[in-house]
Each structure stands twice: as structure tokens, then as C-alpha cells.
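None of the values given here were measured: they were computed from a predicted structure. Each chain gets a letter, A, B and so on, in the order its sequence line appears, and its residues count up from 1.
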Protein chains: 2
Amino acid sequence: MTGSRHPSFPLALLPCLSRLELQPAQWLFRAGTPPRHIHFIEEGAVRLVRHGRQGEEVVLHDARPGEFLAEASLDSARYHCDAVASEASVVLRVAKADFQRLLIEDAAFERTWIALLGAQLRTARARIERLSLRSAEERIRHLLLSEGRGPRCELEVAGTLKDLARQLGLTHESLYRTLARMQNEGVIDRQGLRLSLTPEGDPKRMT
Amino acid sequence: MTGSRHPSFPLALLPCLSRLELQPAQWLFRAGTPPRHIHFIEEGAVRLVRHGRQGEEVVLHDARPGEFLAEASLDSARYHCDAVASEASVVLRVAKADFQRLLIEDAAFERTWIALLGAQLRTARARIERLSLRSAEERIRHLLLSEGRGPRCELEVAGTLKDLARQLGLTHESLYRTLARMQNEGVIDRQGLRLSLTPEGDPKRMT
DNA sequence: CGTCGCATTGATATCGCTCAAATCCGGTGG
DNA sequence: CCACCGGATTTGAGCGATATCAATGCGACG
């Protein structure tokens, strides 16, 4: 069966799935071509990049497992960027027509889809606020407070700390150092990839 | 007239609108209360804030004119954060029931809404990639490349340069200095709030 | 005019980036 | 079982870009 391991994947899409395996540096789609599918990252990573005339590129997004790709481009005539696998990846895809038919015929799926877009929008906006903070410590605190679970804001980091550093807009060295310092100062607890705020914590505020 | 100045505002919502004026620091809604409306920022700014146990707070989003607020909370039983006006603001709102009825009954509105969420998601992700760039110059170039019009990526800045600096995650001093330097180096043209890339400095195009 | 906020420029401090090196750890092959 | 390898993790030293603090000009507005 070609289902997905990810809980966010809408079940209604299962009957229309096709599975695609990508090698590193392999293209998923290119700018200027018409969107024919909606894509879901099952494993690996796929980058959305925009290219300049002189070969320089701007990374628009780095899609990770559990994310849809170019879901916002379905109503566009053409992709506005290139998508390329940055590592070996598995992508699930659904034909545009199937998807749009589902959206019209299946009211429950339509609500699911709107909820999914809304959730991704909230996540993205929280990340924007996080990246607007100037210090590494504030970004880590923001991450725990906005995505941590329970009274101590516990968070199990997905992937490596290096990946987390990139997501936070920091070098991995800065992240390691700041985590170590916060741990020494008693601000956070850390056991491997499990982070949390200490109860006595800190009377400090961020605005 | 209770319409909106913003082009992104769906016309279908017009009949259900009510207008709300907020003073600085006035609450729009609080965490734990049930969502009853969908909100649209017409003027000003409204912050979504989540509070920790010891009074520490993180800004999840700083909603600006033209944005919907808490559109993802409609299917939640309760708001998960507080919303407070950070300056004098005008908010348009639609009752939850009216909105959901429209979503079900009006297929065109449903498509409009999905397209709107997708557009906001794309915008947010482009901003994330911009904020991930390390230097002020790169962020400015990314802004022009991703949002500028035409072969020279011309961009008319909305609001003040100070606002732009905040949106780019920079201090206004850094932005002024970097713009001046790029202008001196012939990388960009600037006439007031009108920015563009110079042809020889950067013959780059977006697709 | 006087005030207020934006725009601009200068001087200095600071934090994160860069380069570098050592350790750990899981996997792989001999 | 052990040697080896690659990547993640960690710590150090120094530098540089941006933040910070400060001062001035300027235009709008009452």
C-alpha cells in the first residue's frame, strides 16, 4: 500500500496517490511549467529555489517530511520556482484534477484542507516572529514556549540539533553554545534531544 | 460604508461585516474563550500573544492590515492565545456561523478562501527564507527578487522604511546604511520609497 | 513656531559567524 | 572483535556585521 506514515496526511487522498522516489539533486518540477500535482514529502527534503540569470539562487522553502509542497500553486498557471530534492526523498503526489474534484465533492475533505492550510499558516507565522528575535537565547525560548508541550514546554527535537539550528536561523555552533549556557544557568533542562524549561525558570520577558 | 480598502478582502463577506475600533492595548479576544468571529485587520496592528506560567510572553504573530486573524481557530473549541491591539486599530469581523455557512453554500467563496490561505502561506514562507539570510544586503536583494515587479524588480515600499526594517528583521539604522551602501555601489536604484535593481549590477530575473 | 516622528549619520559594543580542532557515536568492512 | 570513517557534537579564538546609543536635519501638523 502507498499510504503515508504522517498523521497530517488526509486519508481522503489515499485512493489517488502515486509514489515517487527522488535521488539527491533530482528535480520534482521546474519554474514555468504548469502545476499538475500536489506533492507531499514523505521522506527526505525538497527545496523550492528561484534562480537568477547568473546561476545564483534564492531558497524559498525547504520542505520536510509531513509537509505539502506547492499546495498554494494549484490555482496558478505555472510554478514560480524550481523544486529539487536536496537529499534522497520519497514524495507522494495526487493529480491536480483528482485533488480539485475531491475538494468539491467531499465537504469533509474541504474542511480538512482548510484546517491544514490554516495550521501551516500559523506555524509559518510563529516562525517569522521567532526569526525576528535578535538573540539565540530568545529564539530558543520562543521555540519552547510556542511549540513545547505541557507546563514546562517540553519539546522533542525532530532531526539533529544541526537541523534545528538551521531552522532557527543560527549556526550549529551558536546553538550548541547557547543551549549549554542556558543549561548552566538553570534556564532549561536538556536530555539529548529533549528540551524543556526549568520550573523556577526566569522572570525575564520577551516582547 | 463598512467595506474594506484592501483588495484581498473577499467581497462575499461584505454583507456580514461588523466594524470594531480598538484602542492601544485593548483586547480583541483572550486565550481559553470560544471563537465567535473571524477577524480582518483593516488598520493598525493586532498581536497574537501566548503567555507562559511566569508571565513571560512570546509574540506568535503581529497581524498587519490586510491579514485575517485566527482564521485557523474557527474549528477549535477555544482560542489558544490572546489577541491585543498594539496600536489604535480597526478590525472587521464576521460571525463564525455566517462564515461557515458561506463556506458551505458558496463554492466560489470556498475556492477564494483556499486561494487566499495559499497566498498568505506563500508570502509567509518567502518571509521566512528572507529572515534566514544572514546579511542585511541579502535580505534586501531577496525582497526585491521575490516581490519586485518587472525585469528590474521594482518595488514601491508600503509604509515607512522603519516599518520595512522591522519586517526584514533589521534595525532601521542598519537598513538605512545598507541601502545607502548598495546605492553607492550601484547595486540598486532608489527614489524615495521606490527601490529597484540596477541593470548592470544585477541582470537577474525571476520566473 | 514648537513638537513629533522619520530619515540619516557617527561611534562604540556585542553577539553570532567563521575557522579550527577534538571527541563521540553509529555503521561498515576486514 | 577491532580499525576505520563520516557526521554530529562540542569547545576555543578572533573577527566582523549588526545592534545600540547618540545627535542632527527635515517635513508634517497643530
Side-chain angles (χ1 to χ4, degrees), chain A residues 24 43-45 59 62 64 86-89 127-143 155-185 187-195 202 204-207, chain B residues 24 43-45 59 64-65 86-89 128-143 155-185 187-195:
Chain A
E43 299 172 18
V59 177
D62 195 17
R64 296 274 163 181
S86 51
E87 55 187 84
S89 304
R127 237 183 113 185
I128 286 174
E129 295 301 329
R130 195 173 305 141
L131 289 171
S132 299
L133 300 174
R134 353 222 82 132
S135 76
E137 176 163 355
E138 279 179 315
R139 291 189 195 173
I140 293 168
R141 294 168 51 77
H142 188 287
L143 177 74
L155 182 71
E156 179 83 21
V157 175
T160 69
L161 288 182
K162 245 179 130 171
D163 293 335
L164 178 63
R166 203 174 70 62
Q167 198 196 353
L168 292 177
L170 301 168
T171 59
H172 57 280
E173 295 100 321
S174 285
L175 177 63
Y176 293 138
R177 274 189 259 265
T178 306
L179 283 176
R181 185 168 48 74
M182 291 174 76
Q183 201 175 4
N184 280 337
E185 292 172 354
V187 180
I188 62 170
D189 279 335
R190 176 164 58 136
Q191 293 151 21
L193 293 176
R194 190 165 208 83
L195 306 177
D202 52 314
K204 194 192 300 182
R205 309 177 84 94
M206 315 190 308
T207 306
Chain B
E43 300 173 19
V59 178
R64 296 279 160 175
S86 51
E87 55 187 80
S89 304
I128 287 174
E129 292 300 337
R130 196 173 303 142
L131 288 171
S132 300
L133 300 175
R134 351 214 75 119
S135 77
E137 176 162 354
E138 279 178 314
R139 293 188 195 173
I140 293 168
R141 293 168 53 80
H142 185 284
L143 177 74
L155 182 71
E156 179 84 21
V157 175
T160 68
L161 287 182
K162 244 180 129 171
D163 293 334
L164 178 63
R166 196 175 43 70
Q167 197 197 352
L168 292 177
L170 302 168
T171 59
H172 56 281
E173 296 100 321
S174 287
L175 178 61
Y176 294 141
R177 276 189 257 264
T178 307
L179 283 178
R181 183 168 49 75
M182 292 174 76
Q183 201 175 5
N184 280 337
E185 292 172 355
V187 180
I188 61 170
D189 279 335
R190 177 165 58 138
Q191 294 150 22
L193 294 176
R194 190 163 208 85
L195 306 178

Taking every heavy atom of B:G44 against every heavy atom of B:P65, the minimum-distance pair comes out as O-CD, 3.2 Å
Are the side chain of A:R139 and the backbone N or O of A:G169 linked by a donor-acceptor pair below 3.5 Å?
yes
Indicate, with a heavy-atom threshold strictly under 4.0 Å, whether B:S135 touches base, sugar-phosphate, or nothing.
sugar-phosphate
Tell me the closest heavy-atom pair linking B:L170 and B:A136, and the distance in Å.
CD1-CB, 3.8 Å
To the nearest Å, give me how far apart CD (A:E173) and P (C:dG16) are.
13 Å
If I take atom NE2 in residue A:H172 and atom P in nucleotide C:dA20, what distance separates them, rounded to the nearest angstrom?
14 Å
Could you check whether any side-chain N or O of A:H142 sits under 3.5 Å from a backbone N or O of B:V59, counting only pairs where one atom can act as donor and the other as acceptor?
yes
For chain A, the stretch of DNA chain D it reaches, first to last nucleotide, under 4.0 Å of its heavy atoms
D:dA8 to D:dA13
Could you walk me through whether A:R134 and A:E138 pass salt bridge (Lys or Arg N to Asp or Glu O under 4.0 Å), step by step?
CA-CA 7 Å; A:R134 353 222 82 132; A:E138 279 179 315; over 6 Å; no
Could you state the atom-to-atom distance from CD of B:E138 to C1' of C:dC17 in whole Å?
13 Å
Can you check whether any acceptor in the base of C:dG10 is under 3.5 Å from a donor in the side chain of B:R177, or vice versa?
yes
Taking A:E137 first and then A:R141, would you say they form a salt bridge - that is, a charged N and a carboxylate O separated by under 4.0 Å?
no
Interatomic distance, A:L175 CG vs C:dC15 P [rounded to whole Å]:
17 Å
Closest approach of A:L131 to B:I128 (non-hydrogen atoms, all atoms of both residues)
CD1-O, 3.7 Å
In whole angstrom, give the distance that lies between atom CG of B:L193 and atom C1' of C:dT8.
14 Å
Identify the two heavy atoms, one from B:L193 and one from B:G159, that lie closest to each other, and give their separation to 0.1 Å.
CD1-O, 3.5 Å
Using a 4.0 Å cut-off on heavy atoms, which residues in residues 160-170 of chain B reach DNA chain D? List them by number, or say none.
B:G169, B:L170
Give a yes/no answer on whether the side chain of A:T171 brings an N or O atom under 4.0 Å of OP1 or OP2 in C:dG16.
no
Can you tell whether the side chains of B:R177 and B:E173 come within less than 4.0 Å, N to carboxylate O?
no
Between C:dC15 and A:E137, counting only base atoms on the nucleotide and side-chain atoms on the residue, is there a donor-acceptor pair under 3.5 Å?
no
